[in-house]
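Numbers here simply count residues along the sequence, with the first being 1. All values below were derived from every heavy atom in this structure, side-chain atoms included, with hydrogens, water molecules and symmetry-related copies excluded.
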Amino acid sequence: ARRAAFPDGPIVEDGVARVIFSESRLVDAPFGPVLLSEGRVENAAHVDAGRIAVHYLRPTGDGFAVTRAFPAAAENGSHGSLSAWEVSDQFTGFPVLRTEGGGTWQGYTCTVVTLTELRPEGPREIAMVPIGYDNQGAAAEGVAARTVDGRIDNIQRGRSFEVSFSGTENFTETYAWRDGRFVSTSGDSRATC
């Protein structure tokens, strides 16, 4: 699968960045095999996100052929890397790629989870969920330091999920499935930078 996706090797130059795809996972989606590959941007700036390349495949002989390629299907993080990624079958009827990334800007540290559904026609972002906030590096005299970390739980497949936050405050935000994506029913997130 990796030979089919990266016939010239795992280092790809796309005109903007040089990306090294070092780790891949093969997913058995309902519509066929999909290869997900983590890419790290070489010599990245703070604002450069890491990425996941997605290749839709079909079996051929003793290997695979690429039917569709999405070199930057999901982008998240900073300094050219993602914090974490995984594939879940809990959110919808298709596999969902969960990427996590964040960074610190002028004393504010923020973390976001992006959910990308692997649909037969191609990957589609179905949610962007703030999951962490910390202003300790920017808190000034008279401004309270605030730190919250969230956890996605209570997932109702194809319907909703909650993000439970703890830290200097405890609260829950709810996301519901509407028009092909999960949207917040709690208004603007209290964990947004």
Are V34 and V54 close enough, and set up right, to give a side chain to side chain contact (heavy atoms under 4.5 Å, CB included), and what steps lead you there? CA-CA 7 Å; V34 178; V54 175; 3.6 Å; yes

State plainly whether one hydrophobic cluster holds both I152 and V183, where clusters connect Ile, Leu, Val, Met, Phe, Trp and Tyr through side-chain heavy atoms under 4.5 angstrom apart. no

Kindly give the heavy-atom pair with the smallest separation between A1 and L35, and that separation in Å. O-CD2, 3.6 Å

Do you see a donor-acceptor pair shorter than 3.5 Å between the side chains of R2 and S24? yes

When the side chains of residues 117-129 are checked against the rest of the protein, which donor-acceptor pairs come out under 3.5 Å, sequence neighbours left out?
residue: E117; atom: OE1; partner: R119; partner atom: NE; Å: 2.4
residue: E117; atom: OE1; partner: R119; partner atom: NH2; Å: 3.0
residue: E117; atom: OE2; partner: T92; partner atom: OG1; Å: 2.6
residue: R119; atom: NH2; partner: G180; partner atom: O; Å: 2.9

Pairing residues for F171 by the ring pair (Phe, Tyr, Trp, His ring centres under 6.0 Å) criterion, not counting sequence neighbours: F165

For S189, side-chain hydrogen bond (donor to acceptor under 3.5 Å, both in side chains) partners two or more places apart: E173

For T109, check side-chain hydrogen bond (donor to acceptor under 3.5 Å, both in side chains) against everything at least two apart and list the hits. T104

Under the salt bridge (Lys or Arg N to Asp or Glu O under 4.0 Å) rule, what do E42 and R40 come out as? Steps first, then yes or no, please. CA-CA 6 Å; E42 194 173 64; R40 181 182 51 79; 5.5 Å; no

On a heavy-atom basis, the closest approach of P30 and F94 is CG-CD2, 4.1 Å

Which other residues end up in the same hydrophobic cluster as I20, if Ile, Leu, Val, Met, Phe, Trp and Tyr are linked when side-chain heavy atoms come under 4.5 Å apart? I11

Show the nearest heavy-atom pair for residues I131 and V112, with the distance to one decimal. CG2-N, 4.2 Å

What I'd like to find out is whether the side chain of D48 reaches to under 4.5 Å of the side chain of H79, using heavy atoms alone. no

Could you report the tightest heavy-atom contact between A49 and V41, atom names first, then the distance? O-CG2, 3.5 Å

So how far is it from Y108 OH to T192 OG1, rounded to the nearest 0.5 Å? 13.0 Å

Can you tell me if N135 uses its side chain to pair, donor with acceptor, with the backbone of R146 under 3.5 Å? yes

Listed once per pair and sorted, the disulfide bond (SG atoms under 2.5 Å apart) pairs that draw on residues 1-47, sequence neighbours left out: none

Check: T174 main-chain N/O paired with S186 side-chain donor or acceptor under 3.5 Å: yes

With sequence neighbours excluded, residues passing side-chain hydrogen bond (donor to acceptor under 3.5 Å, both in side chains) with D14: R51

So, T111 versus E100: side-chain donor-acceptor pair below 3.5 Å or not? no

Test side-chain contact (heavy atoms from CB on, under 4.5 Å), reference N76, set I52, T99, T116, output is T99

How many angstroms lie between atom OG of S78 and atom NE2 of H46, to the nearest 0.5 angstrom? 4.5 Å

If hydrophobic clusters are built from ILVMFWY residues whose side chains come within less than 4.5 Å, do F91 and L97 share one? no

Ignoring hydrogens, what is the shortest heavy-atom contact between E13 and R18? Give both atom names and the distance. OE2-NH1, 3.1 Å

Test ring pair (Phe, Tyr, Trp, His ring centres under 6.0 Å) applied to Y56 - qualifying residues, sequence neighbours left out: F31, F70

Test log, rule side chain to side chain contact (heavy atoms under 4.5 Å, CB included), inputs L36 and V87: CA-CA 9 Å; L36 307 172; V87 178; 3.1 Å; yes

Looking only at atom types and distance, does a side-chain atom of S88 sit under 3.5 Å from a main-chain N or O of V96, one as donor and one as acceptor? no

Name all pairs fulfilling the side-chain hydrogen bond (donor to acceptor under 3.5 Å, both in side chains) condition that reach into residues 175-184, sequence neighbours left out, sorted by first residue then second. none

Is it the case that E38 and W85 place a side-chain donor and acceptor less than 3.5 Å from each other? yes

If you round to the nearest 0.5 Å, how far is CD of E162 from CD of Q156? 8.5 Å

Heavy atoms of A4 and P7 approach each other most closely as O-CD, 3.6 Å

Which is it for F6 and H55 under the side chain to side chain contact (heavy atoms under 4.5 Å, CB included) test, yes or no, and what are the steps along the way? CA-CA 10 Å; F6 304 104; H55 292 85; 3.9 Å; yes

Of D153, L115, N154, the one forming a side-chain contact (heavy atoms from CB on, under 4.5 Å) with F161 is L115

Tell me the disulfide bond (SG atoms under 2.5 Å apart) pairs involving residues 38-139, sequence neighbours left out? C110-C193

Can you check side chain to side chain contact (heavy atoms under 4.5 Å, CB included) on L57 and T67, steps first, answer last? CA-CA 5 Å; L57 308 169; T67 59; 5.9 Å; no

Is there a side-chain contact between T60 and R58, using heavy atoms and a 4.5 Å cut-off? yes

How would you list, by chain and number, every residue that makes a side-chain hydrogen bond (donor to acceptor under 3.5 Å, both in side chains) with R159, sequence neighbours excluded? none

Would you mind listing every salt bridge (Lys or Arg N to Asp or Glu O under 4.0 Å) that reaches into residues 183-193, with sequence neighbours excluded? E169-R190

